Colleague: 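Please see the structure below; I have some questions.
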Amino acid sequence: MKPLSAATLLLAALLCAPVAALAALKAGDPAPPFKTPAAVAGQAFDFDLSAALKKGPVVLYFFPKAFTKGCTVEANAFAEATPQFAALGATVVGISHDDIDTLKRFSREECRDRFAVGSDPAARTIKAYDAGSLLPGMASRISYVIGQDGKIAFTHEGSNPIKHVEQTLEAVRRLKK
């Protein structure tokens, strides 16, 4: 058996590293302010984090690509939970690299007209929240709950889209206590 090279060992370590180790923003960190083109119910508008925070906490979730299986499941689950988030005063917004026309359709069909999805093709917000993926043109599946104080209250990373909804909803409930 041949000995493994240092480069092979480094590559193996990077591929096996837990995804959570990539998340730069932790509870207590300031949430980077952003404005982005977004869509809700098929209508485009400009989403502004600071304006949304005046109304209550914000659940900001990043997703890889509209109309893919996991992202559709996640959007459907956030749509179903939107009344619960709203009852707690929270705003839900998803962000991906997708263009605004794709997200207009996604907001109607998969978000069921219940919450906004933002377009970030230049990845400015994705980078600010350390939500980039190893795959070019895609964000990682990461969710943040941002308190009205503008600080990260909760971070969740993982491939299970349903867990993002469950855990961010629980984090918003804890904020309200």
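From a predicted model like this one, the values you see are computed outputs, not experimental measurements. Residue numbers count from 1 along this sequence.
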Colleague: If hydrophobic clusters are built by linking Ile, Leu, Val, Met, Phe, Trp and Tyr wherever their side-chain heavy atoms come under 4.5 Å apart, do I162 and Y61 end up in the same one?
Modeller: no
Colleague: Provide the closest heavy-atom pair for I146 versus A31 in the form atom of the first, atom of the second, distance.
Modeller: CG2-CB, 3.7 Å
Colleague: Where do F106 and F63 land on the ring pair (Phe, Tyr, Trp, His ring centres under 6.0 Å) test, with the steps shown first?
Modeller: CA-CA 12 Å; F106 192 68; F63 61 98; 5.5 Å; yes
Colleague: Tell me, yes or no, whether the heavy-atom count around E166 atom CD, taken from other residues, nucleotides or ligands under 6.0 Å, exceeds 12.
Modeller: yes
Colleague: Can you tell me how far CD1 of I100 sits from NZ of K104, rounded to the nearest 0.5 angstrom?
Modeller: 7.0 Å
Colleague: Between the side chain of Y144 and the main-chain N/O of Y129, is any donor-acceptor distance below 3.5 Å?
Modeller: yes
Colleague: Hey, does R124 have a side-chain heavy atom less than 4.5 Å from the side chain of F34?
Modeller: no
Colleague: Going by an N to O cut-off under 4.0 Å, is there a salt bridge joining K26 and D29?
Modeller: no
Colleague: Atom CZ of F62 and atom SG of C71: how far apart are they, to the nearest 0.5 Å?
Modeller: 13.0 Å
Colleague: Grouping I, L, V, M, F, W and Y whenever their side-chain heavy atoms are under 4.5 Å apart, do V145 and V117 come out in a common cluster?
Modeller: yes
Colleague: Mind listing the closest non-hydrogen atom pair of R108 and G42 along with its distance?
Modeller: CG-N, 3.4 Å
Colleague: Distance from L53 atom CG to K151 atom NZ, nearest 0.5 Å?
Modeller: 13.0 Å
Colleague: Same hydrophobic cluster for M138 and L60, using side-chain heavy-atom links shorter than 4.5 Å among ILVMFWY?
Modeller: no
Colleague: How many angstroms lie between atom CZ of R112 and atom CG of N76, to the nearest 0.5 angstrom?
Modeller: 4.0 Å
Colleague: Where is the tightest heavy-atom contact between F67 and T102, given as atom of each residue plus distance?
Modeller: CE1-O, 3.8 Å
Colleague: Without swapping roles, check the side chain of T91 against the backbone of V58 for a donor-acceptor pair under 3.5 Å.
Modeller: no
Colleague: Determine whether a donor-acceptor pair (N or O, by modelled atom type, separation under 3.5 Å) exists between the side chain of S96 and the backbone of D98.
Modeller: yes
Colleague: Just how far is it from atom CG of L175 to atom CG of L88, taken to the nearest 0.5 Å?
Modeller: 9.5 Å
Colleague: How long is the gap from OG on S50 to NZ on K35, to the nearest 0.5 Å?
Modeller: 6.0 Å
Colleague: Under 3.5 Å, is there a donor-acceptor pair between the side chain of S140 and the main chain of G132?
Modeller: yes
Colleague: What about F78 and I95, same hydrophobic cluster or not, with Ile/Leu/Val/Met/Phe/Trp/Tyr joined at side-chain heavy-atom distances under 4.5 Å?
Modeller: no
Colleague: Closest approach of E74 and S143, non-hydrogen atoms and distance?
Modeller: OE2-OG, 4.3 Å
Colleague: For L25 and P32, which heavy atoms make the closest approach, and how far apart are they?
Modeller: CD1-CD, 3.9 Å
Colleague: Check the pair V40 / F47 against side-chain contact (heavy atoms from CB on, under 4.5 Å), numbers first and verdict last.
Modeller: CA-CA 10 Å; V40 68; F47 182 88; over 6 Å; no
Colleague: Would a 4.5 Å heavy-atom cut-off, applied to side chains only, mark V93 and F115 as touching?
Modeller: no
Colleague: Taking the side chain from D120 and the backbone from I126, do they hold a donor-acceptor pair closer than 3.5 Å?
Modeller: yes
Colleague: Got K176 and P57 here, is their nearest side-chain heavy-atom distance under 4.5 Å?
Modeller: yes
Colleague: I'd like to know if F154 and V92 are part of one continuous hydrophobic network [Ile/Leu/Val/Met/Phe/Trp/Tyr, side-chain heavy atoms within less than 4.5 Å].
Modeller: yes
Colleague: Measure across A79 and C111 and return the closest heavy-atom pair with its distance rounded to 0.1 Å.
Modeller: CB-O, 3.4 Å
